[in-house]
Amino acid sequence: MDIVVIGSLEPLVVALQTAGYTVVGPTVKDVAVRMAEISSAADLPADVGDTQRPGNYRLTERGDGMVFGFAASPDSAKRFTQPPRQTLARMRGRTFEEPREEAPRVALLGLRACDLAAIAVQDRVFLGRHPDPAYRRRREALFLIAVNCAVPGGTCFCVSMGTGPKATTGFDLALTELAAPHRFTVEIGSDRGAQIAAAIPHRPATPDDLAAAEEVSRVAATRMGRRVDTEDIQRWLPAAHDSPRWADVASRCLSCTNCTMVCPTCFCSTVEDGTGLTGDVAERTERWDSCFSLAFTELSGQPPVRSSALARYRQWLTHKFATWYDQFGTSGCVGCGRCITWCPTGIDVTEELAALRGGTEGTSCIR
Amino acid sequence: MTPVPYRVRSRRPDRADTVTLALEPVTGPCPRFLPGQFTMIYARGVGEIPISISGRGRTGTLLHTIRAVGAVSRALCLARPGDVVGVRGPYGTAFDVAGAAGLDVVVAAGGLGLAPLRTVVRRLIAHRSRYRRISVIVGTRTPMTLMYPRELARWRAAYDLDVQVTVDHPDHAWPGPVGLVTKLIDRIVFEPRRTAAFVCGPEVMMRAAADDLVARGVPARRVALSLERTMKCGVGRCGHCQLGPLLLCLDGPVVDYERAGGLLAVKEL
């Protein structure tokens, strides 16, 4: 049983809870879809859609009752793989202890193909040359349920990054939501996925179900709001370091760090130190940091290496799309479009890359 | 990411703002290290910074020469014998001292850059006969800020090393040359195409020295620099120490000039 069909999500949620997982899925909070704990499938945002444009995100009413009828939300899986704050070490007197808190067993319901690709990127960062045991524990305690995108957002470009819209790997279960009648195909991606699927009412998928699911992904792939030409990008982007386009984009960049906070792969962090009032216990806390912050490259007694917004934007974009390959053997971008949607001034990485590439190839066009 | 407790075995002031701490694990043996590698040293409740290893102490301790420039380095400089600090590492790439066998060797240091290079020179003189001419050129702000003056004198006297020092600001008693360390390259003897160079100091000094050496014919791949950027983790996960494609905690701190030259030439990379 590789692909089965279920009519309702409630038994799936119950089966996950029974298996000891806290189920986290999309919910409507304030004016956005956010990943939060759900107690039943009724907490999922039925009938909610969204429109996404550079610097713009609005929820809409779909009118068709679909449960996953929206694109990437500001939340990815990053908060769960790499918590915004985590205690690294605690010192009591002369003993240094690593907090070995048990990782919470969480089932993430509703991850998109881009989110799974982002987890694979983070795996390379945190399980590479110096594997992080805390990351591994968290990662192994996560149960990943993907949903294949039906309606990509206006800022999506996963097709050109080769990461979607269909989830092909890295999940325990992958759902495709189908209409008339409302149902879900469930593709099984792991043994524990198979155990959960076996525990809920299902029927085998018919050729019609499979064709309908394929059609959802095929249509979604044609509806990408944007694209990036990735050919040879590892070579030409770092070489474009003196392009005038950097000053242009820097004049629009606020260095607000939004793009790095919503990015599902941005992993940079800093460490804060402190002691209790009595001084008996000292603690080291790691928290998310951003290469857009001025202090990021500050050495004591020297000015920051990247003191201009130009240099900081150039670092972020070049790292994400090019030098990430040198460091981790993969692109740092998965094409989710979050950085475009959540940029307060609407900077569009796909547009910047096209302009930068155009700048580097301008002369060859004339020839 | 959890530091290992190390005891401060001894503390020796080098200069007004610089001390050398000899550190040893509270339990267990001192780890092995290679010349040019660094450790992350943690001052309880204050923070953690990368510090190059500046030698092996007489009882096998790890020596770290630290200048008080920020909150953590100030706290470390104030550490007393018996105090416990945290250490992770050694981390990073090393100077390929053995690879310089059969070659002339130029060691060029600026200021505190002499600290990691001292481990290079100590390895060179441990196997003096493997190398041809060895020159150690050192630039420092004033005669008073010269690091390890007695050891420099010993190298000069005992090991057939050409050791030369220049200062930016001489005092009345200073008998030697004045100016940048690159000036000393004129005064040493080496056969450029058969030379390996080890360079550490402020970035502008390293670039000037490396450019000069390469211009004279030393292959850029045999000019090794020790680069410095902010580091929070030392293990490639905090992102702070990037220099273009390099994560300097993993791909550095020691990088050859063939690799580093183009990167250092880009402003604010």
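Lettering follows sequence order; numbering is per chain, from 1.
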Any A:H130 side-chain heavy atom under 4.5 Å of B:L250 side chain: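 The answer is yes; the side chains approach within 4.5 Å.
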Does A:V271 reach the side chain of B:E48, with side-chain heavy atoms less than 4.5 Å apart?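 Not in contact.
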Taking all atoms of both residues into account, what is the closest heavy-atom pair of [X] and [Y], and its distance?
X: A:V281; Y: B:R44; value: N-NH2, 3.6 Å
X: B:T2; Y: A:L88; value: OG1-O, 3.7 Å
X: A:C268; Y: B:Q242; value: SG-NE2, 4.4 Å
X: A:A282; Y: B:Y42; value: CB-OH, 3.6 Å

[X] side, atom [atom1]; [Y] side, atom [atom2] - distance, nearest 0.5 Å:
X: B:D251; Y: A:R129; atom1: CG; atom2: CZ; result: 4.5 Å
X: B:E203; Y: A:Q302; atom1: CD; atom2: CD; result: 8.5 Å
X: A:T323; Y: B:L243; atom1: OG1; atom2: CG; result: 10.0 Å
X: A:F267; Y: B:R237; atom1: CZ; atom2: CZ; result: 10.0 Å

[X] portion near chain B, given a 4.5 angstrom heavy-atom threshold:
X: A:Y135; value: neither
X: A:T270; value: both
X: A:T95; value: neither
X: A:R314; value: side chain

Please identify each residue that fulfils salt bridge (Lys or Arg N to Asp or Glu O under 4.0 Å) with A:R85, with sequence neighbours left out.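 Partners of A:R85 under the salt bridge (Lys or Arg N to Asp or Glu O under 4.0 Å) test: A:E272.
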For chain A, the option from B:V69, B:I49, B:L247 that forms the most heavy-atom pairs under 4.5 Å: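 Option with the top pair count is B:L247.
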Restricting to pairs with a member in residues 239-269 of chain B, which pass ring-ring contact (aromatic ring centres under 6.0 Å, His included), not counting sequence neighbours?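 Passing the test, one end in residues 239-269 of chain B: A:F296-B:H240.
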Could you have a look at [options] and say which one has the most heavy-atom pairs with chain B under 4.5 angstrom?
options: A:L310, A:V125, A:D289, A:D242; result: A:D289
options: A:R284, A:M91, A:H241, A:Q315; result: A:R284
options: A:S300, A:G128, A:S269, A:A322; result: A:S269
options: A:E98, A:E286, A:R306; result: A:R306

Chain A-proximal positions within residues 259-269 of chain B [heavy-atom distance under 4.5 Å]: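 Checking residues 259-269 of chain B against chain A gives B:V266, B:K267, B:E268, B:L269.
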So if I take each residue of residues 3-24 of chain B and look for any heavy atom under 4.5 Å from a heavy atom in chain A, which residues do I end up with?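 At a heavy-atom separation under 4.5 Å, chain A is reached by B:P3, B:P5, B:R7.
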Can you confirm whether B:R141 is buried at CZ, in the sense that more than 12 heavy atoms of other residues, nucleotides or ligands lie under 6.0 Å from that atom?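 12 or below, so no.
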